[in-house]
Amino acid sequence: IELKPYYKGILKYGKDISKVYNNAKYALVTGGYIIQQRTLEASASGAIPVVLDVRDNDATYDNKFDENIIFFKKPNQIDELLNSPTELNLNLLVDSHSYEHLIKKIINFVENNTHKK
């Protein structure tokens, strides 16, 4: 695996972060849950999320995204995973977490959970 220069320090929100993701093939996500801002920003920019596999401990995770993320349990698995052919549909992950999707979900909730007079 060839690694390009990495970024250390603070990036300004917005264009600076987007430039880094747009130039990356992969993005490492090591937080305590799967669907987080880094996972979605990377996917929206076309970088494949390589995510620490905490599916057993992440009650909020929907397994319909299993085919859209590269998971690893131990760091020594990353090299093998990145050298395997990958065809992921990042759009499913991004579209399912868009603002438009959120608005539809809120409207649906309000319509189905408010008392009509």
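Smallest separation of non-hydrogen atoms from Tyr21 and Ala47: O-CB, 3.8 Å. Nearest heavy atom pair, residue Lys73 against residue Leu52, reads O-CD1, 3.9 Å. The shortest heavy-atom contact between Tyr13 and Ile17 is CA-CD1, 3.8 Å. For the residue pair Leu92 and Lys64, the shortest heavy atom distance occurs at CD2-O, 4.1 Å.
Between the side chain of Ser18 and the backbone N or O of Lys15 there is no donor-acceptor pair closer than 3.5 Å. With Ser98 contributing its side chain and Val94 its backbone, the two residues share no donor-acceptor pair below 3.5 Å. Judged by distance alone, with hydrogens and angles left aside, the side-chain atoms of Asn83 form a donor-acceptor pair with the main-chain N or O of Asp79 at under 3.5 Å. Side chain of Thr39 to main chain of Ile35: no donor-acceptor pair is present (N/O by atom type, distance under 3.5 Å, no hydrogens or angles). Between the Glu111 side chain and the Asn108 main chain, no donor and acceptor come within less than 3.5 Å of each other.
When side chains are defined from C-beta on, Glu67 does not count as touching Asn89, because their heavy atoms never get closer than 4.5 Å. The closest side-chain heavy-atom distance from Phe72 to Glu80 is not below 4.5 Å. Looking at Leu11 and Val20, their side chains come closer than 4.5 Å, going by heavy atoms from C-beta outward. Residues Leu82 and Tyr26 are in side-chain contact: their nearest non-hydrogen atoms beyond the backbone lie under 4.5 Å apart.
In this structure, CD1 on Ile10 lies 11.5 Å from CG on Asp16, to the nearest 0.5 angstrom. Residue Ser84 holds its OG atom at 11.0 Å from CD of Gln77, rounded to the nearest 0.5 Å. How far CG of Asn112 is from CD1 of Ile107: 11.5 Å, rounded to the nearest 0.5 Å. Going from atom CD1 of Ile34 over to atom CG of Asp62 covers 10.5 Å, rounded to the nearest 0.5 Å.
For Leu102, the CG atom sits in a packed shell: over 12 heavy atoms of surrounding residues, nucleotides or ligands are nearer than 6.0 Å. Within 6.0 Å of the CZ atom in Arg55, the count of heavy atoms belonging to other residues, nucleotides or ligands exceeds 12.
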* For side chain to side chain contact (heavy atoms under 4.5 Å, CB included), just list the numbers for His97 and Phe65, CA-CA rounded to whole Å, side-chain angles, deciding distance to a tenth of an Å, and then say yes or no. => CA-CA 11 Å; His97 294 87; Phe65 303 113; 3.5 Å; yes
* Starting from the C-alpha separation in whole Å, work towards a yes-or-no answer on side chain to side chain contact (heavy atoms under 4.5 Å, CB included) for Ile69 and Leu93. => CA-CA 9 Å; Ile69 296 172; Leu93 185 60; 4.2 Å; yes
* To do: Before giving the answer on side chain to side chain contact (heavy atoms under 4.5 Å, CB included), spell out for His101 and Asp95 the whole-Å C-alpha distance, their side-chain angles and the decisive distance to 0.1 Å.
  => CA-CA 7 Å; His101 182 76; Asp95 293 343; over 6 Å; no
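Each of Ile70, Leu90, Asn68 was checked for a side chain to side chain contact (heavy atoms under 4.5 Å, CB included) with Pro49, and the lone residue meeting it is Leu90.
The aromatic rings of Tyr61 and Phe71 lie perpendicular to each other, with more than 60° between the two planes, well past the 30° mark.
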